[in-house]
Participant: 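There's a structure below that I have some questions on.
Note that the coordinates shown come from a computational prediction; the quantities given were computed from them, not determined experimentally. As a basis for the values below, the full set of heavy atoms in this structure was taken, side chains included, without hydrogen atoms, waters or symmetry mates.
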Amino acid sequence: KGSPSKWTGSLIGLPLKFRHRVVGVMNIHFSDPRTFANSELRLLQLFADQASIAIENSRLFNETQRLLEESTQRGAELEIVNSVQAKLASKLDVDMIHELVGEKIAGIFDVQTVMIVSYDAEKNLCHFPYLSEKGKRLDQESLPPSGISGYVIRTRQPVIINSNMPDEEERLIGTRSIILGGGEDIQSRMDVPMLVGNRVKGVISLQNVDRENAFKESDLRLLQTLANSMAIALENARLFDETQRLLNEAERRARESSVLNDVGRDISSTLELKDVMDKIAHHARDLLSASTSAIYLPQGDGTYFQAIAAEGEIAAEIK
């Protein structure tokens with residue numbers, strides 16, 4: 001009723017998106033009109049991405065809880081997932097996340113080999129931050145995607161092979177995997193993708209070298225849930241690092257701006273050429289903590305005016 005009030009100020013509206021779905025909207029209102037810098041928008045978008053991941057993490061947890069509570073076995077799975085997610089929530093270091101999940105998986109499943117593959121899509125390389133065979137940690141150089149892990153990366157689909165490993169592998173992907181680690185023949189294998197949106201961040205591979213038929217569908221379900229939790233934790237760590245980098249960059253630029261403002265005021269405080277030259281030489285040296293700085297101004301008669309700041313002393317003269 002009556003005339004509508006006029007709204008003034010500034011507003012940033014950001015979509016909260018996960019896997020190309022909008023799960024919400026975040027609005028930030030300022031009472032005064034203002035212009036937003038690109039660095040502010042990047043920082044807010046990173047925060048919105050973190051919020052989207054947190055929302056999706058909560059949704060995944062609730063969905064996992066609902067599914068796992070349907071049976072006693074799923075209740076046991078829930079206990080495992082809860083313990084891993086609780087620990088992952090406090091980890092923002094990529095290496096620690098790999099170690100935590102690798103050790104936990106090695107203790108849960110009947111396997112001799114646990115392999116966590118980190119996939120670099122830009123370079124099309126697989127790295128192996130965690131590779132353990134029969135309790136022994138192994139090193140493996142980076143390789144292009146191949147075999148079952150390469151198939152999972154390409155298709156973003158999990159794989160279980162429980163019998164006739166070479167035949168099943170060749171039927172599935174047309175070739176056999178490069179044998180890593182200790183080089184023992186694999187009797188059973190289960191691989192799941194680590195996904196963030198539609199991007200494959202890596203693969204978790206479990207291998208039994210002792211027996212066939214080592215894995216059930218419930219094992220696949222549990223491993224995929226753990227892989228989802230790990231992918232979110234790794235993305236959270238990456239976003240945290242990127243946010244810290246942007247904050248540090250913003251702080252550095254703020255410090256630089258403050259210093260330059262102070263310098264500008266100082267060198268503009270006088271119109272005497274000698275004093276201006278002295279101040280410029282002094283500040284030029286101090287800005288980069290140099291030993292000496294020198295400024296030369298050519299004069300019309302072939303001479304030049306110089307100002308030198310060296311070891312804390314300033315000299316200015318005509319030569």
Side-chain angles (χ1 to χ4, degrees), residues 80 84 87-88 91 93-121 123-163 165-166 168-170 172-173 175-196 199-216 219-235 237:
I80 294 170
V84 173
K87 292 179 180 178
L88 285 176
K91 305 298 182 188
D93 180 88
V94 170
D95 292 335
M96 292 180 66
I97 291 172
H98 288 138
E99 290 295 319
L100 170 64
V101 175
E103 293 299 320
K104 190 68 176 179
I105 287 174
I108 294 172
F109 294 94
D110 177 21
V111 293
Q112 291 74 50
T113 301
V114 176
M115 182 170 68
I116 297 177
V117 179
S118 176
Y119 178 57
D120 184 340
K123 297 180 180 179
N124 194 35
L125 281 177
C126 291
H127 309 288
F128 302 86
Y130 189 96
L131 177 56
S132 173
E133 186 168 283
K134 295 187 175 179
K136 181 181 178 181
R137 293 297 296 273
L138 304 172
D139 294 324
Q140 175 62 49
E141 64 180 10
S142 300
L143 297 168
S146 64
I148 295 296
S149 294
Y151 175 84
V152 173
I153 289 171
R154 290 194 306 274
T155 64
R156 301 194 294 274
Q157 297 298 317
V159 170
I160 290 183
I161 299 178
N162 265 325
S163 61
M165 178 69 195
E168 284 296 304
E169 190 172 5
E170 288 187 312
L172 184 66
I173 62 175
T175 185
R176 297 187 185 184
S177 294
I178 297 173
I179 298 177
L180 305 178
E184 294 191 47
D185 289 336
I186 302 167
Q187 304 302 314
S188 305
R189 176 167 179 161
M190 177 168 61
D191 291 60
V192 299
M194 294 186 292
L195 297 172
V196 175
R199 292 177 292 123
V200 180
K201 306 300 291 185
V203 176
I204 300 179
S205 176
L206 305 186
Q207 300 163 16
N208 192 304
V209 299
D210 290 342
R211 65 185 180 89
E212 297 181 343
N213 300 309
F215 303 115
K216 305 185 293 293
D219 295 323
L220 179 64
R221 183 175 61 242
L222 176 57
L223 185 62
Q224 186 64 75
T225 303
L226 293 174
N228 290 342
S229 299
M230 182 178 181
I232 289 173
L234 289 171
E235 183 67 2

Participant: Could you give me the CA-CA distance, side-chain angles and deciding distance for K123 and S142, then say whether side-chain contact (heavy atoms from CB on, under 4.5 Å) is met?
Facilitator: CA-CA 11 Å; K123 297 180 180 179; S142 300; over 6 Å; no
Participant: Under 6.0 Å from the six-membered ring centre of F215 and within 45° of its axis: does the NZ or CZ of R189 meet both?
Facilitator: no
Participant: How many angstroms lie between atom CD1 of I116 and atom CD1 of I97, to the nearest 0.5 angstrom?
Facilitator: 10.5 Å
Participant: Under 3.5 Å, side chain of S149 to main-chain N/O of P145, donor-acceptor pair present?
Facilitator: no
Participant: Using the rule given for side-chain contact (heavy atoms from CB on, under 4.5 Å), can you reason through R211 versus D110, listing the C-alpha separation, both sets of side-chain angles and the distance that settles it, and then say yes or no?
Facilitator: CA-CA 10 Å; R211 65 185 180 89; D110 177 21; 2.7 Å; yes
Participant: Mind listing the closest non-hydrogen atom pair of E99 and P129 along with its distance?
Facilitator: OE2-O, 4.4 Å
Participant: If you measure from CG on L220 to CE on M190, what distance do you get to the nearest 0.5 Å?
Facilitator: 6.0 Å
Participant: Is it the case that E103 and Y130 place a side-chain donor and acceptor less than 3.5 Å from each other?
Facilitator: yes
Participant: Show the nearest heavy-atom pair for residues Q112 and V209, with the distance to one decimal.
Facilitator: OE1-N, 2.8 Å
Participant: Restricting to non-hydrogen atoms, name the atom on V200 and the atom on R156 that form the minimum distance, rounded to 0.1 Å.
Facilitator: CG2-CG, 3.2 Å
Participant: Determine whether L222 and F109 satisfy the following criterion, side-chain contact (heavy atoms from CB on, under 4.5 Å), listing intermediate values before the conclusion.
Facilitator: CA-CA 10 Å; L222 176 57; F109 294 94; 3.9 Å; yes
Participant: Between CG of L131 and CG of D139, what distance do you get to the nearest 0.5 Å?
Facilitator: 8.0 Å
Participant: Any chance you could measure S118, atom OG, to K201, atom NZ, to the nearest 0.5 Å?
Facilitator: 7.5 Å
Participant: Report yes if some heavy atom in the side chain of L226 is under 4.5 Å from a heavy atom in the side chain of I204; otherwise report no.
Facilitator: no
Participant: Do Q187 side-chain atoms and N213 backbone N/O form a donor-acceptor pair below 3.5 Å?
Facilitator: no
Participant: Heavy-atom distance under 4.5 Å between the side chains of L125 and Y119, does that happen here?
Facilitator: no
Participant: Could you pull out the closest heavy-atom pair between V117 and M194, with the gap in Å?
Facilitator: O-CE, 3.4 Å
Participant: Is a side-chain donor or acceptor of N208 paired with a backbone partner of I186 at a separation under 3.5 angstrom?
Facilitator: no
Participant: Hey, could you give me the CD/CD distance between E133 and Q140, rounded to the nearest 0.5 Å?
Facilitator: 11.0 Å
Participant: Over all heavy atoms of both residues, which pair between A227 and P193 is shortest? Give the atoms and the distance, please.
Facilitator: CB-O, 3.8 Å
Participant: Answer whether the closest heavy-atom distance between the side chains of I153 and C126 falls below 4.5 Å.
Facilitator: yes
Participant: Search all heavy atoms of K216 against all heavy atoms of I160 and return the closest pair with its distance.
Facilitator: O-CD1, 3.8 Å
Participant: Using side-chain contact (heavy atoms from CB on, under 4.5 Å), reason through L223 and L206 one step at a time and then give a plain yes or no.
Facilitator: CA-CA 9 Å; L223 185 62; L206 305 186; 3.9 Å; yes
